[in-house]
Undergrad: 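Below: one structure in structure tokens.
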Amino acid sequence: MKRIDLLLKAFREVLMQRPEARLVIAGEGSLKTEMEALAETLGISYAVRWLGFSRNMPGLLAAIDVYVQSSVNEGLSLSILEAMAAEKAVVATSVGGTKEVIADGETGFLVPPGSSAALAAAVIATLDDPQRRAAVSRAAKAYVEAEFDFRRMVDRYEALYASVATSRLWV
């Protein structure tokens, strides 16, 4: 579902435009060896760093310019919310809950799922325009702070429980 193969193919295109770019991949999975081999085949392994499992996501997010998600199926991605909260530009596929939290061009950038070319183009455009990247990153952080604030979530649950408690159920 994460389609790291698409991310690697997109990154090859990014490197053609931005040879100084580096791709950092955090996490583990059963396809890691296969994806490392693909990076080697694509000739990009020198620019890809495989971190494996990391407990220091805040530190990692602080070090990056763009967070990229290439999934073809995704619920509400906590890692995308974390990147947005860390004031990072997000380029992601328009799937599942992702399209509910990212307003394309306002709080992040959405691309069609399955297209490494679209993913690459969006990453390059985001890297090439630091002012727009900063504005979108600020808007993303503000959105997450407003919509996923703990007090707001508690208020929503209380309202839901109150509506259920006062509603009549017809059987």
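The first residue of the sequence shown is numbered 1, and numbering continues consecutively from there. For the numbers below, each heavy atom of this structure counts, side chains included, while hydrogens, waters and symmetry mates do not.
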Undergrad: Determine whether Leu7 and Trp50 fall in the same hydrophobic cluster, where Ile, Leu, Val, Met, Phe, Trp and Tyr are linked whenever their side-chain heavy atoms lie under 4.5 Å apart.
TA: yes
Undergrad: Does any N or O in the side chain of Thr98 come within less than 3.5 Å of the main-chain N or O of Ser94, such that one atom is a donor and the other an acceptor?
TA: no
Undergrad: Atom CD of Glu145 and atom NZ of Lys141: how far apart are they, to the nearest 0.5 Å?
TA: 5.0 Å
Undergrad: Mind listing the closest non-hydrogen atom pair of Ala21 and Ala47 along with its distance?
TA: O-CB, 4.0 Å
Undergrad: Mind listing the closest non-hydrogen atom pair of Gly59 and Asn56 along with its distance?
TA: N-OD1, 3.0 Å
Undergrad: Minimum heavy-atom separation for Ser70 to Leu119, with atom names?
TA: CB-CD2, 3.7 Å
Undergrad: Are side-chain heavy atoms of Leu8 and Leu23 found at a separation under 4.5 Å?
TA: yes
Undergrad: Take atom CD in Gln131; do more than 12 heavy atoms of anything else shown fall under 6.0 Å from it?
TA: no
Undergrad: Considering only heavy atoms from C-beta outward, does the side chain of Ile124 approach that of Val14 to under 4.5 Å?
TA: yes
Undergrad: NZ of Lys88 to OG1 of Thr126: how many Å apart, nearest 0.5 Å?
TA: 13.0 Å
Undergrad: Run the side-chain contact (heavy atoms from CB on, under 4.5 Å) test on Phe148 and Val101 for me, step by step, so that the C-alpha distance in whole Å, both residues' side-chain angles and the decisive distance to 0.1 Å come before the verdict.
TA: CA-CA 10 Å; Phe148 294 91; Val101 296; 4.0 Å; yes
Undergrad: So if I apply the side-chain hydrogen bond (donor to acceptor under 3.5 Å, both in side chains) rule between Thr93 and each of Gln69, Arg3, Lys99, which one comes out positive?
TA: Gln69
Undergrad: So Leu76 and Glu100, do their side chains get closer than 4.5 Å, heavy atoms only?
TA: no
Undergrad: When rounded to the nearest 0.5 angstrom, what is the spacing between OG in Ser71 and CD1 in Ile4?
TA: 7.5 Å
Undergrad: Distance-only, no hydrogens or angles: does the Asp104 side chain make a donor-acceptor pair with backbone N or O of Leu110 under 3.5 Å?
TA: yes
Undergrad: Could you list who else is in Leu6's hydrophobic cluster, with ILVMFWY side chains joined at under 4.5 Å, directly or through other members?
TA: Val72
Undergrad: Is the closest side-chain heavy-atom distance between Val66 and Arg133 below 4.5 Å?
TA: yes
Undergrad: For the hydrophobic clusters of this structure (ILVMFWY residues joined by side-chain heavy atoms under 4.5 Å, transitively), does one cluster hold both Leu61 and Val123?
TA: no
Undergrad: Does Ile25 belong to the same Ile/Leu/Val/Met/Phe/Trp/Tyr cluster as Tyr67, with side-chain heavy atoms less than 4.5 Å apart forming each link?
TA: no
Undergrad: May I ask you to test the Leu81-Leu78 pair for a side-chain heavy-atom distance under 4.5 Å?
TA: yes
Undergrad: Looking at every non-hydrogen atom in both residues, tell me the closest pair between Gly108 and Val136 and how far apart they are.
TA: N-CG1, 3.2 Å
Undergrad: To check you understand the geometry: which heavy-atom pair defines the closest contact between Ala120 and Ala10, and what is its length?
TA: CB-O, 3.4 Å
Undergrad: Specify the closest pair of heavy atoms between Leu42 and Arg12, including all atoms of both residues, with the distance to one decimal.
TA: CD2-NH1, 3.0 Å
Undergrad: Atom CD in Gln17, atom CG in Leu127: separation rounded to 0.5 Å?
TA: 10.5 Å
Undergrad: Quick check: does any side chain N or O of Thr107 sit under 3.5 Å from a backbone N or O of Ala139, one acting as donor and the other as acceptor?
TA: no
Undergrad: To the nearest 0.5 Å, tell me how far Met35 CE sits from Leu38 CG.
TA: 5.5 Å
Undergrad: So how far is it from Ile102 CD1 to Ile80 CD1, rounded to the nearest 0.5 Å?
TA: 5.0 Å
Undergrad: Answer yes or no: is there a side-chain heavy-atom contact under 4.5 Å between Phe109 and Val90?
TA: no
Undergrad: If you define the side chain from C-beta out and look only at heavy atoms, does anything of Tyr143 sit under 4.5 Å from Glu106?
TA: no
Undergrad: Indicate yes or no for a side-chain donor-acceptor contact from Ser137 to the backbone of Met84 under 3.5 Å, with no hydrogens or angles considered.
TA: no
Undergrad: Do Arg22 and Tyr46 have side chains that approach each other closer than 4.5 Å (heavy atoms only, starting at C-beta)?
TA: yes
